[in-house]
Q: 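Sharing a structure, written as structure tokens. Questions coming.
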Amino acid sequence: MKNIFLIIVLVLTVPKSFAQNTVITTSGDVLQLAIPAAAFASTLIWKEEGTQPTWQFVKAYGSSFVIEQALKHIVQKPRPDGSDNLSFPSGHTTSAFSGAAFIQRKYGWKYGVPSYILASYVGYTRIQAKKHDGWDVLAGATIGIGTAYLFTKPYQKKAVDVSLQKINGGLMMHFYYTF
């Protein structure tokens with residue numbers, strides 16, 4: 001919780017006077033897709049019996065997208081650069097934080113902290129590009145985190161495995177404990 005508060009403070013206090021940098025903007029464009037793509041790929045790599053992690057990701061990411069698009073068209077807030085009226089909330093930030101929060105919720109803070117740092121960077125890139133202000137980015141982060149927490153169950157390792165094996169007219173019991 002302390003880490004999320006720090007991220008929020010950083011996003012809201014980023015100076016708005018930085019000149020637009022296309023390298024920074026482009027890196028944010030890439031990361032806003034790469035983070036959720038990594039989260040999705042993880043569901044295909046680390047299978048869990050009975051939890052359907054891919055379906056959890058689809059529900060979390062899909063609902064964040066629907067909420068974000070609905071709010072953009074309802075609120076109609078002008079962008080800081082004046083290009084259109086779809087500033088609130090930040091779609092890039094919603095996407096990045098949805099992926100980051102899925103990773104954190106599913107696999108823990110060890111993988112979540114780097115994911116949140118990258119997602120926060122995406123938020124910074126949107127402010128730097130003058131497409132959003134801090135409130136737009138904060139709203140996108142909140143939607144992404146909220147939907148991930150709503151639909152994602154933490155990964156459960158199988159801690160104990162017991163099996164029997166028939167050998168030489170007898171039985172052998174195997175007991176495995178995973179730390």
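Just so it is clear, the model here is predicted, and its values are computed rather than measured.
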Q: Look only at the side chain of S63 and the backbone of A60, and say whether a donor-acceptor pair between them is shorter than 3.5 Å.
A: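 At least one qualifying donor-acceptor pair exists.
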Q: Hey, is the main chain of I24 close enough, under 3.5 Å, to the side chain of S27 for a donor-acceptor pair?
A: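 Between the backbone of I24 and the side chain of S27 there is a qualifying donor-acceptor contact (under 3.5 Å).
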Q: Using side-chain hydrogen bond (donor to acceptor under 3.5 Å, both in side chains) as the criterion, list what pairs up with K72, not counting sequence neighbours.
A: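 Applying side-chain hydrogen bond (donor to acceptor under 3.5 Å, both in side chains) to K72 gives none.
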Q: Transitively linked via ILVMFWY side-chain contacts under 4.5 Å: I145 with I117?
A: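 Same hydrophobic cluster.
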Q: Write down the atom of G99, the atom of I35, and the distance for their closest heavy-atom approach.
A: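 Heavy-atom minimum between the residues: C-CG2, 3.8 Å.
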Q: Would you tell me whether T25 and Q128 have side-chain atoms, one donor and one acceptor, within less than 3.5 Å of each other?
A: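 Side-chain D/A pair, T25 to Q128: present.
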Q: Between L118 and Y124, is there a shared hydrophobic cluster once you connect ILVMFWY residues whose side-chain heavy atoms come closer than 4.5 Å?
A: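 Yes, L118 and Y124 fall within the same hydrophobic cluster.
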Q: Look only at the side chain of S115 and the backbone of Y111, and say whether a donor-acceptor pair between them is shorter than 3.5 Å.
A: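 Present.
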Q: Report whether V113 and F97 are members of the same hydrophobic cluster (ILVMFWY, side-chain heavy atoms less than 4.5 Å apart, transitive linking).
A: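 Yes, one cluster joins them.
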Q: Kindly compute the distance separating OG (S83) from NZ (K131), expressed to the nearest 0.5 Å.
A: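 The NZ atom of K131 is 3.5 Å from OG of S83, to the nearest 0.5 Å.
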Q: Strictly by ring pair (Phe, Tyr, Trp, His ring centres under 6.0 Å), give each pair with a member in residues 23-64 just once, sequence neighbours left out.
A: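 Found F40-F57, W46-Y107, F57-Y61, F57-F102.
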Q: How long is the straight-line distance from NZ of K59 back to OG1 of T147, given to the nearest 0.5 Å?
A: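 Here the interatomic distance stands at 12.0 Å.
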Q: Rounded to the nearest 0.5 Å, what's the gap from OG on S98 to CD1 on I67? Could you check?
A: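 Nearest 0.5 Å value for the OG-CD1 distance: 9.5 Å.
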Q: Sub-3.5 Å donor-acceptor pair from the side chain of Q69 to the main-chain atoms of V66, do we have one?
A: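 Absent.
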Q: Measuring only between side-chain heavy atoms, which start at C-beta, is Q76 closer than 4.5 Å to L86?
A: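 Yes, at least one pair of side-chain atoms sits under 4.5 Å.
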Q: When you group the ILVMFWY residues by side-chain heavy-atom contacts below 4.5 Å and let the links chain together, are I74 and F65 in the same group?
A: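 No, F65 and I74 fall in different hydrophobic clusters.
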Q: Using a 4.5 Å cut-off on heavy atoms from C-beta on, say whether the side chain of D29 contacts that of R126.
A: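 Result yes, sub-4.5 Å side-chain heavy-atom pair found.
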Q: Of all heavy-atom pairs between A100 and A119, which one has the smallest distance, and what is that distance?
A: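 A100 and A119 have their closest heavy atoms at CB-CB, 4.0 Å.
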Q: Treating T94 as the side-chain partner and I143 as the backbone partner, does any N or O pair qualify as donor plus acceptor under 3.5 Å?
A: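 Looks like no, no N/O pair under 3.5 Å.
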Q: Is a donor on one side and an acceptor on the other found under 3.5 Å between the side chain of T152 and the backbone of Y149?
A: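 Not confirmed, T152 side chain does not pair with Y149 backbone.
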Q: Nearest heavy-atom pair of A148 and R105: which atoms, and what distance?
A: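 Smallest heavy-atom distance, with atoms named: O-CG, 4.5 Å.
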Q: Is the closest side-chain heavy-atom distance between T125 and H92 below 4.5 Å?
A: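 A side-chain contact under 4.5 Å is absent here.
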Q: Test your reading of the model: is there a side-chain donor-acceptor pair from H132 to the backbone of S87, 3.5 Å cut-off?
A: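 At least one qualifying donor-acceptor pair exists.
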Q: Could you check whether any side-chain heavy atom of I127 comes within less than 4.5 Å of a side-chain heavy atom of D133, counting everything from C-beta outward?
A: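 Heavy-atom side-chain distance check fails, nothing below 4.5 Å.
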Q: List the residues meeting salt bridge (charged side-chain N to carboxylate O under 4.0 Å, His left out) with R79, not counting sequence neighbours, and say none if there are none.
A: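 Here the qualifying residues are D84.
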Q: Salt bridge check, D136 against K77: does any charged N sit closer than 4.0 Å to a carboxylate O?
A: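 Yes, charged N to carboxylate O under 4.0 Å.
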Q: Check this for me: Y121, atom OH, are more than 12 non-hydrogen atoms of other residues, nucleotides or ligands nearer than 6.0 Å?
A: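 Yes, OH of Y121 has more than 12 neighbouring heavy atoms, counting only those of other groups under 6.0 Å.
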Q: Under a 3.5 Å distance rule, please check whether K106 uses its side chain to pair with a backbone N or O of K153 as donor and acceptor.
A: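 Indeed, once roles are kept as given, a pair shorter than 3.5 Å links the two residues.
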Q: Considering all heavy atoms of both residues, which atom of L31 and which atom of P36 are nearest to each other, and what is their separation?
A: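 Smallest interatomic distance, heavy atoms only, reads O-CD, 4.1 Å.
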